[in-house]
Amino acid sequence: MKYLIKYLLQQNIRSQKYLSPVVFYTIVMLLIYSYKPNPVADSYGVTAMLLFFGSAWLGLTVMNAEPPGQIQLLVLHTGSRRKVAIGQLVCAAVMQLAMTLITIVYPIITGMFERQPTTYEWIVAWCGHLVLALLGLSISVFFQNAYISRLSWSLPIFIVVLLSSFVQVSLSERLPESLQWISYILPPAFYLVQKMMLFDGGGLGQIVLVCTWSAVYAMLLLSTHIWLSGRRDLRS
């Protein structure tokens, strides 16, 4: 498995397809910190939301980096499409971890905050960014070429799903009672970002609860993707 992950990382770096989401994300993050001082909680909440979108874009890029013929060769070498799917997820997660590290550390080492983050703020920042990155990745896997062959079909739906992740409250107010379930199945990104922005040192339990729910939601999606990959093995 480690050789597969190493190969996928090398291929993604060589292809440079990752540059578009990473460069865009970096530029927007630098614009957010183009002036100082910045409030800690609000700034980390905004960058966590930005990371959610950036991670989803990066995840989709990683999933579509290899052409179908190359994927088939990888399946033959590894013996399982499921292993290839896990390798792709780990590859994307490694790249997203690097983005998270830069996002959290950059404003501290450059003195962009009005003060140094407290221990609790540091913990919330790490948990929030990592979980939202994972959530973005878990959504992106279902819009890759293996599920929807045409990008012109998948991309509009992909964008709508990502944007809908931040309108649950207003959506639930406008939907009839028979359709209220739609607001409950949307990714819970909004609630986590909201808790991060409002964090003032108290209510850590609520943050943990929302982080846990978001992480469980993401893991369910990723597990479903891995399971479906195994089902494709059975049909092949």
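Positions are given from 1 along the sequence.
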Roughly how far, to the nearest 0.5 Å, is the [atom2] atom of [Y] from the [atom1] atom of [X]?
X      : Y      : atom1 : atom2 : value
His77  : Lys83  : NE2   : NZ    : 13.5 Å
Ile139 : Ser165 : CD1   : OG    : 4.5 Å
Leu97  : Ile102 : CG    : CD1   : 10.0 Å
Leu60  : Phe142 : CG    : CZ    : 13.0 Å
Arg82  : Leu228 : CZ    : CG    : 9.5 Å
Cys91  : Leu58  : SG    : CG    : 8.5 Å

- Without hydrogens or angle criteria, can the side chains of Ser214 and Tyr191 be said to hold a donor-acceptor pair below 3.5 Å? no
Pairing residues for [X] by the ring-ring contact (aromatic ring centres under 6.0 Å, His included) criterion, not counting sequence neighbours:
X      : value
Trp213 : Tyr217
Phe190 : none
Phe158 : Phe143

Any heavy-atom pair between the side chains of [Y] and [X] that's under 4.5 Å?
X      : Y      : value
Ile108 : Trp122 : yes
Leu8   : Leu74  : yes
Cys127 : Ile123 : yes

Do you know which two heavy atoms are closest between [X] and [Y], and how far apart they sit?
X      : Y      : result
Ser140 : Ala56  : CB-O, 3.2 Å
Thr100 : Ala133 : OG1-CB, 4.3 Å
Met197 : Asp42  : O-OD1, 3.1 Å
Val193 : Leu132 : CG2-CD1, 3.7 Å
Leu9   : Met95  : CD2-CG, 4.1 Å
Arg115 : Thr118 : NH1-CG2, 4.0 Å

Please list, one pair per line, the donor and acceptor atoms closer than 3.5 Å that link side chains of residues 44-53 to other protein atoms, with sequence neighbours excluded.
unit_1	atom_1	unit_2	atom_2	d
Tyr44	OH	Ile104	O	2.7
Thr47	OG1	Ser43	O	3.1
Thr47	OG1	Tyr44	O	3.1
Thr47	OG1	His129	NE2	2.9

- Message: Tell me whether Trp153 at atom CH2 has more than 12 heavy atoms from other residues, nucleotides or ligands lying less than 6.0 Å away.
- Response: no
- Query: Should the heavy atoms of other residues, nucleotides or ligands under 6.0 Å from CD of Gln206 be counted, would the total exceed 12?
  - Reply: no
Consider only side-chain heavy atoms of I, L, V, M, F, W and Y, link residues closer than 4.5 Å, and tell whether [X] and [Y] are in one cluster.
X      : Y      : value
Leu76  : Ile86  : no
Ile207 : Leu209 : no
Leu186 : Val160 : no
Leu73  : Val84  : no

- Task: Let me see the working for Gln96 and Leu134 under side chain to side chain contact (heavy atoms under 4.5 Å, CB included), right down to the final yes or no.
- Result: CA-CA 8 Å; Gln96 291 171 351; Leu134 185 67; 5.9 Å; no
Atom pairs and distances, side-chain donor-acceptor, residues 27-38, under 3.5 Å, sequence neighbours left out:
unit_1	atom_1	unit_2	atom_2	d
Ser34	OG	Leu31	O	2.7
Asn38	ND2	Tyr35	O	2.7
Asn38	ND2	Met112	O	2.9

How would you list, by chain and number, every residue that makes a side chain to side chain contact (heavy atoms under 4.5 Å, CB included) with [X], sequence neighbours excluded?
X      : value
Ser223 : none
Gln72  : Arg81
Leu89  : Met63, Leu137, Val141, Leu222, His225, Ile226
Ala65  : Asn12

- Query: Taking only residues at least two apart or on different chains, which pairs with a member in residues 2-24 satisfy ring-ring contact (aromatic ring centres under 6.0 Å, His included)?
  - Reply: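 Every ring-ring contact (aromatic ring centres under 6.0 Å, His included) pair that includes a residue of residues 2-24, provided the two are not neighbours, is Phe24-Trp57.
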- Item | Partners meeting salt bridge (charged side-chain N to carboxylate O under 4.0 Å, His left out) with Arg150 (sequence neighbours left out) | none
- Exam field: side chain Asn145 to backbone Asn64, donor-acceptor pair closer than 3.5 Å: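 It does not hold such a pair.
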- Query: Hey, what else clusters with Leu220 if you join Ile, Leu, Val, Met, Phe, Trp, Tyr whenever side-chain heavy atoms sit under 4.5 Å?
  - Reply: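 Leu220 shares its hydrophobic cluster with Val216.
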